[in-house]
Amino acid sequence: MVEKLTSQSVDYPRWYQEVVQRADLAENAPVRGAMIIKPYGYGLWEQMQSVLDRMFKETGHQNAYFPLLIPESFLKKEAEHVEGFSPELAVVTHAGGKRLEEPYVIRPTSETIIWDTFRNWIQSYRDLPLLINQWANVVRWEMRPRLFLRTTEFLWQEGHTAHASEEEAHEETIRMLGVYATFAEEYMAMPVIQGMKTDREKFAGAVKTYSIEAMMGDGKALQAGTSHDLGQNFARAFDVKYQTSEGKEEYVWATSWGVSTRLVGALVMAHGDDQGLVLPPRLAPIQTVIVPIYKGSEQRSTVIEACSVMEKALQAAGARTHLDDREQFRPGFKFNEWELKGVPVRIEVGPRDLERGEVVLAFRHSGDKKSLPIEAVATEVMNVLEEAQRGLFEKALAAREANTHSIDSFDEFKERIDGGGFFLCHWDGTTETEELIQQQTKATIRNLPLDAPDDPGRCMVTGNPSPHRVIISKAY
RNA sequence: CGGGGCGUAGCUCAGUUUGGCAGAGUGCCUGCUUUGGGAGCAGGAAGUCGGAGGUUCGAAUCCUCUCGCCCCGACCA
């Protein structure tokens, strides 16, 4: 008898912790705050990487790689940048048995070393735009680590681009935010809100920071990706100039943007339920799992044979398929295990089905089961998976809409914020009010939605004018 | 850094008060029976009791020091 997961309604954080470990996504490492990503969890990340990498290349970016270690002096060249990151830096002071003359910082992000390099790569307007991405690990020393959501070392991609004009850099910032939103919605089946961060929440060294914000199963927000308009801040700090077609010398305009293994945590919390993970078909390492059912060895060989044929047909049809032919577990155990691991479609094949020439399909996101003729499985499987993908997105969207509220009274806000969800409120645009809201409620302004309709009103705290509503929520 | 708690088998933990053979459940291995929603029986392997020092005939247990982890705060996103 295996213990059930802690229910989400009993203790959501504990549910998260348990599901990540029991579904074999990751475990804690001997180093505090570090995580070991297990093959199933890494498989999920690989699916994400391969889709994102294709999207980056389709938008003209090339991959490159910059070093893990950055001279400490580089960090200090951009004032806001060093101020923002210094509390969470890990620094190498010794190497080769000696104290280093200049310590190396383990990158918390790579703007500084990249801009130091871009200075040499960029001379003329003909070198622009320069569109680079790198897949890398970074280290940020965290006080409160949680698997995938906040770890001291994590995997990510960071895009770094240089442009000849402010407008072009801004377009790039918004374009990549859009790429992230498309990825979140079409692949993760996770609806997101694109918007601008407040000055207080923006990236250290950016002119503007934009984010996509998603709602988790408990109604809290998770920042799932960021895109920064860096203006000329890094170009000035690292003296990166180019010659225009008129022969004038100008500083370049920059962007950077990133998503990390935090997306795995987002996926877990966006769709998971009391049975475990629920993975979207487009990213699931295993899309369909075949579970054979039989009595005795004679029946076993017949059933397994039929399953093997089906496995090959499904793989030929393009579905990532696994045949669970382990003998030491009974079907009921396997059903529960693959549900814990979030496999979108389970195919049950037993003697009764084979007599009728059918198999049973069970859908993870809805719990529905239906029978299908054996011959139809391979031809239908991709349609069935796409249907499940859509169903999962619709479910997540409906959940977000049910937990999004427009509120105009600060008293009402304070009463309802503990129940979770997104609150669309008027805010006067000042940092003072933003801090007051956080101090009194622990909630933060997530972002200022890009598609917010003109809706003039009055700040729910101060009564000062506000052009449109912002999203306020408790967040991870 | 402040307050609290915990380190014993892969995992969860009992045993520590009152010193006296190293334990349970689960997982793992072997065999048999099972197999349409988390199987049953039998047998077996598995531990530097976080580490160091001390007290004692004898320490998981008492004393001193030390390392690590978890929770709440502070910090951060």
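Protein chains get the first letters and strands the later ones, always in sequence-line order, with residue 1 at the start of each.
With a 6.0 Å cutoff to the six-membered ring centre and a 45° limit on the axis angle, K341(A) counts as a cation-pi contact of Y40(A). In this structure, R416(A) forms no cation-pi arrangement with F423(A), as its terminal cationic atom is not both closer than 6.0 Å to the ring centre and no more than 45° off the ring axis.
Listed by residue number, the members of residues 353-363 of chain A with any heavy atom below 4.0 angstrom from RNA chain B are D353(A), V360(A).
The side chain of R330(A) approaches rU34(B) more closely than any other nucleotide in the set rU34(B), rC28(B), rG38(B). Distance from the side chain of F333(A) is smallest to rG38(B) among rC28(B), rG36(B), rG38(B).
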Completion exercise
Nucleotide by nucleotide, nucleotides 70-77 of chain B touches protein heavy atoms under 4.0 Å in the pattern (B base, S sugar-phosphate only, - none) S-BBBBBB

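When the nearest nucleotides of RNA chain B are assigned to K334(A) and K295(A) by heavy-atom distance, the more 5′-ward of the two goes with K295(A).
In this model, a side-chain donor or acceptor of E339(A) finds a partner on the base of rG37(B) within 3.5 Å.
A salt bridge is absent between R300(A) and E298(A): the closest approach of a Lys/Arg side-chain nitrogen to an acidic carboxylate oxygen does not fall below 4.0 angstrom. Using a 4.0 Å cut-off between charged nitrogen and carboxylate oxygen, E339(A) and R364(A) do not count as a salt-bridge pair. Salt bridge status for R175(A) with E172(A): present, with a side-chain N to carboxylate O gap under 4.0 Å.
Rounded to whole Å, the separation between the P atoms of rU64(B) and rC11(B) comes to 29 Å.
W257(A) pairs in a side chain to side chain contact (heavy atoms under 4.5 Å, CB included) with only one of the listed residues (D229(A), L177(A), T161(A)), which is T161(A).
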